[in-house]
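Here the structure is laid out as structure tokens; the discussion comes afterwards.
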Amino acid sequence: MIALTLAQIAAAVGGDLRVAGEDTAETVVDGIVDTDSRTMTPGSIFVAKPGAETDGHRFVGAAVAAGAALAIVEHPVDVAVSQIVVPDAVAALGALAKEVVARVRAGGELRIVGITGSNGKTTTKNFLARILEGEGETVAPIKSFNNEVGAPVTMLRVTERTRFLVSEFGAAAPGSIAHLAGLVEPDIAVVLMVGMAHAGGFGGIEATAKAKAELVAAARVPGTAVLNVDDARVAAMRELAEQRGLRVVGFGQGPSADVRAHDIQVSASGTSCVIEVVGERLPLRLRVLGAHHVSNALAAIASAFVLGVAPADAIARLETVEIAERWRMQPLGNDRVRIINDAYNASPDSMAAALRTLAQITGPDERTVAVLGAMNELGESAGEEHDRIGLLAVRLNIQRIVVVGPEARRLYLAAVGEGSWNSEAVHLPDQDAAFEYLRTELRDGDRVLVKSSNSVGLRHLGDRLGELFS
């Protein structure tokens with residue numbers, strides 16, 4: 001974080017400053033800001049966030065022992081450290097992020113990109129960060145830090161030297177993206193897609209589209225909206241963008257895209273295509289598996305282009321990315337048995353894309369095995385969407401369908417109903433049972449996809465299988 005006095009921080013968060021020891025209101029703090037006491041280093045700020053399972057106020061002492069110089073709390077704690085008492089610690093975290101970013105931006109160098117979408121946010125963020133790192137100091141989220149805590153924590157990592165801030169915005173509820181994007185007012189608003197992920201929590205896909213459009217509504221003017229023109233709901237956000245005076249740059253495979261992809265080819269070693277940017281055609285070979293990642297690459301290239309990065313430079317840097325992120329189409333195992341661990345999260349769209357990739361990268365003498373768990377947060381559409389994935393797996397001729405957990409049983413029944421009989425589809429109660437089954441069932445030449453929502457935890461099963469066949 002940039003250097004601020006305790007008084008300046010208290011003013012930014014609207015809190016009551018209570019100094020301790022030799023500190024004064026003019027004592028300067030410039031360390032990291034986090035809600036996790038384990039990340040504290042000398043000079044850090046610990047934000048004591050109450051939680052459903054524990055309370056951050058219990059860890060103020062541990063944070064101070066690790067070096068924290070200031071605690072932002074909702075009530076005073078009996079620890080020898082300066083404290084700022086606020087009504088809401090999470091709101092204070094956001095307010096501090098807004099102040100810090102505004103101060104850095106006033107210097108004139110910082111450019112901010114905000115990314116949202118039902119799928120692909122983290123991959124696109126990583127792609128764009130890799131491109132921009134070649135231009136100057138870039139701050140981007142660790143993992144999927146995209147909520148009311150993770151997004152501000154990332155924002156607070158900017159310094160006077162930072163040229164680019166890449167923010168990823170998830171939506172816990174209507175208004176979430178508006179709030180998070182409003183903290184920084186991105187110069188570039190990137191909307192990737194509107195899908196069924198989390199649709200249950202929003203009341204349907206149209207409500208999800210409205211939530212994603214909050215990013216376009218929050219973008220800085222003048223600025224740019226980078227929109228996926230292959231997705232009709234995203235493409236429709238052009239009207240809002242133009243009404244607000246934003247430039248619109250479209251990406252996709254269709255003829256209306258400003259940044260287009262042609263001739264997409266998927267193999268076990270990666271994904272290749274030809275990228276066209278304002279008439280210039282350049283080859284791209286991603287090491288990341290799956291045709292669906294081409295759209296994420298297009299979004300990153302388009303955003304970088306708006307920021308003045310030459311497409312050839314952007315493509316060269318993208319080609320150095322080996323995996324999108326841990327547990328996202330992550331190749332494990334060995335040449336005999338390849339494991340694709342894509343179980344960080346799952347929606348109907350990402351599940352379908354992963355299954356198609358499995359079918360595309362498996363040779364005629366190899367066998368496809370899909371290890372699938374439940375897709376969560378689909379609301380009333382859950383049954384129908386699990387049916388659809390079970391049918392798709394059979395129609396793609398996935399030769400072994402291993403369904404794990406009671407919540408995914410309907411996927412199994414749909415596969416059986418579509419014709420996956422005689423142990424071609426099996427249903428197992430939990431990860432341990434699935435591991436025991438797979439370690440005797442898998443054989444040389446198998447190509448194995450592991451996919452589920454994060455809360456189901458099949459990513460750990462994918463890791464175990466990767467170690468087994470390493």
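This chain uses plain numbering: 1 for the first residue, then up along the sequence.
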Any donor-acceptor pair under 3.5 Å from Ser350 side chain to Ser347 backbone: yes
Within a 6.0 Å radius of atom CD on Glu239, are there more than 12 heavy atoms belonging to other residues, nucleotides or ligands? no
Could you tell me whether the side chains of Gln399 and Thr368 share a donor-acceptor contact shorter than 3.5 Å? yes
Looking only at the side chains, is there a donor atom on one of Glu137 and Thr162 sitting less than 3.5 Å from an acceptor on the other? yes
Closest non-hydrogen contact found for Gly114 with Leu215 is O-CD2, 3.4 Å
First locate atom CG of Leu449, then atom CZ of Arg338, and finally report the distance between them rounded to the nearest 0.5 Å. 14.5 Å
Measuring from Arg103:CZ to Leu4:CG, what's the distance to the nearest 0.5 Å? 5.5 Å
State, yes or no, whether a side-chain contact exists between Val113 and Ser167 at a heavy-atom distance under 4.5 Å. no
At what distance, to the nearest 0.5 angstrom, does CZ of Arg447 lie from CG of Leu358? 10.0 Å
Could you tell me the separation between the OG atom of Ser303 and the CD1 atom of Ile115, rounded to the nearest 0.5 Å? 6.0 Å
Would Glu384 and Arg410 pass as an ion pair if we require N to O under 4.0 Å? no
Report the C-alpha distance between Val33 and Leu93 in whole Å, list the side-chain angles of each, state the deciding distance to 0.1 Å, and finish with yes or no for side chain to side chain contact (heavy atoms under 4.5 Å, CB included). CA-CA 8 Å; Val33 184; Leu93 178 66; 3.8 Å; yes
Thr124 (side chain) donor-acceptor with Lys121 (main chain) under 3.5 angstrom: no
Would you please say whether a donor-acceptor pair under 3.5 Å links the side chains of Thr122 and Glu168? yes
Tell me yes or no: between the side chains of Ser267 and Ser269, is some donor less than 3.5 Å from an acceptor? yes
Between Asp231 and Val194 the two heavy atoms that sit nearest each other are OD2-N, 2.9 Å
Glu214 side chain to Gly175 backbone, donor-acceptor under 3.5 Å: yes
Checking side-chain polar atoms at under 3.5 Å, does Asp230 have a donor or acceptor matched by the opposite partner on Gln253? no
In the structure I gave you, are the side-chain heavy atoms of Glu319 and Arg287 within less than 4.5 Å of one another anywhere? no
Given Val309 and Glu135, is the side chain to side chain contact (heavy atoms under 4.5 Å, CB included) satisfied, shown in steps? CA-CA 8 Å; Val309 181; Glu135 303 295 314; 3.7 Å; yes
Evaluate the criterion salt bridge (charged side-chain N to carboxylate O under 4.0 Å, His left out) for residue pair Arg105 and Asp187; output intermediate values, then yes/no. CA-CA 11 Å; Arg105 192 178 221 158; Asp187 300 287; 2.9 Å; yes
Quick one: pull up CG in Leu70 and CD1 in Ile45 and give me the separation to the nearest 0.5 Å. 5.0 Å
Restricting to non-hydrogen atoms, name the atom on Pro50 and the atom on Ala89 that form the minimum distance, rounded to 0.1 Å. CD-CB, 4.5 Å
Hey, is the main chain of His292 close enough, under 3.5 Å, to the side chain of Ser295 for a donor-acceptor pair? no
Heavy-atom pair of closest approach, residues Pro186 and Ala218: CD-O, 4.0 Å
Run the numbers on Glu206 and Lys210 for salt bridge (charged side-chain N to carboxylate O under 4.0 Å, His left out), then give the verdict. CA-CA 6 Å; Glu206 296 304 331; Lys210 185 176 180 180; over 6 Å; no
Do Arg281 and Ile275 make a side-chain contact, defined as non-hydrogen atoms from C-beta onward lying under 4.5 Å apart? no
Is any side-chain heavy atom of Val166 closer than 4.5 Å to one of Leu132? yes
Under 3.5 Å, side chain of Glu160 to main-chain N/O of Ile2, donor-acceptor pair present? no
Assess the side chains of Asp463 and His460: does a donor N or O sit below 3.5 Å from an acceptor N or O? no
Heavy-atom pair of closest approach, residues Ala92 and Ile72: CB-CG2, 4.1 Å
Quick one: do Leu284 and Val274 satisfy side chain to side chain contact (heavy atoms under 4.5 Å, CB included)? Show the steps, please. CA-CA 6 Å; Leu284 167 65; Val274 175; over 6 Å; no
Do Asn345 and Ser453 make a side-chain contact, defined as non-hydrogen atoms from C-beta onward lying under 4.5 Å apart? yes
With a 4.0 Å cut-off, would you call Arg395 and Glu418 a salt bridge? yes
Arg317 side chain to Ile131 main-chain N or O, any donor-acceptor pair under 3.5 Å? yes
Counting C-beta onward and ignoring hydrogens, is there a side-chain heavy-atom pair between Phe127 and Leu318 closer than 4.5 Å? yes
May I ask you to check whether Arg130 and Thr320 show a side-chain donor-acceptor distance below 3.5 Å? yes
Check whether any side-chain N or O of Asn146 sits under 3.5 Å from a backbone N or O of Phe169 as a donor-acceptor pair, and report yes or no. no
Distance-only side-chain donor-acceptor flag, Glu148 / His179, under 3.5 Å: no
If you look at every heavy atom in Gly195 and Asp349, which pair is closest and at what distance? CA-OD2, 3.2 Å
Student check: side-chain heavy atoms of Glu385 and Met351 closer than 4.5 Å: no
Could you tell me the separation between the CG atom of Asp313 and the CG atom of Leu282, rounded to the nearest 0.5 Å? 10.0 Å
Is Arg111 close enough and on-axis enough to Phe164, meaning under 6.0 Å and within 45°, for cation-pi? no
Backbone N or O of Val216 within a donor-acceptor pair of the Arg244 side chain at under 3.5 Å? yes
May I ask you to check whether over 12 heavy atoms, not counting those of Arg285, lie within 6.0 Å of atom CZ? yes
Donor on one side chain, acceptor on other, Asn454 and Arg459, under 3.5 Å: yes
Could you please spell out the steps behind the side chain to side chain contact (heavy atoms under 4.5 Å, CB included) verdict for Leu246 and Thr224? CA-CA 5 Å; Leu246 299 174; Thr224 305; over 6 Å; no
Does any part of the side chain of Gln265, heavy atoms only, come nearer than 4.5 Å to the side chain of Thr271, both counted from C-beta? no
For Thr5, does its backbone N or O pair with a side-chain atom of Gln8 as donor and acceptor, under 3.5 Å? yes
Please confirm whether the backbone N or O of Asp342 pairs with a side-chain atom of Lys451, one donor and one acceptor, at under 3.5 Å? yes
Would you call the rings of Tyr344 and Trp327 parallel, tilted or perpendicular if under 30° counts as parallel and over 60° as perpendicular? parallel
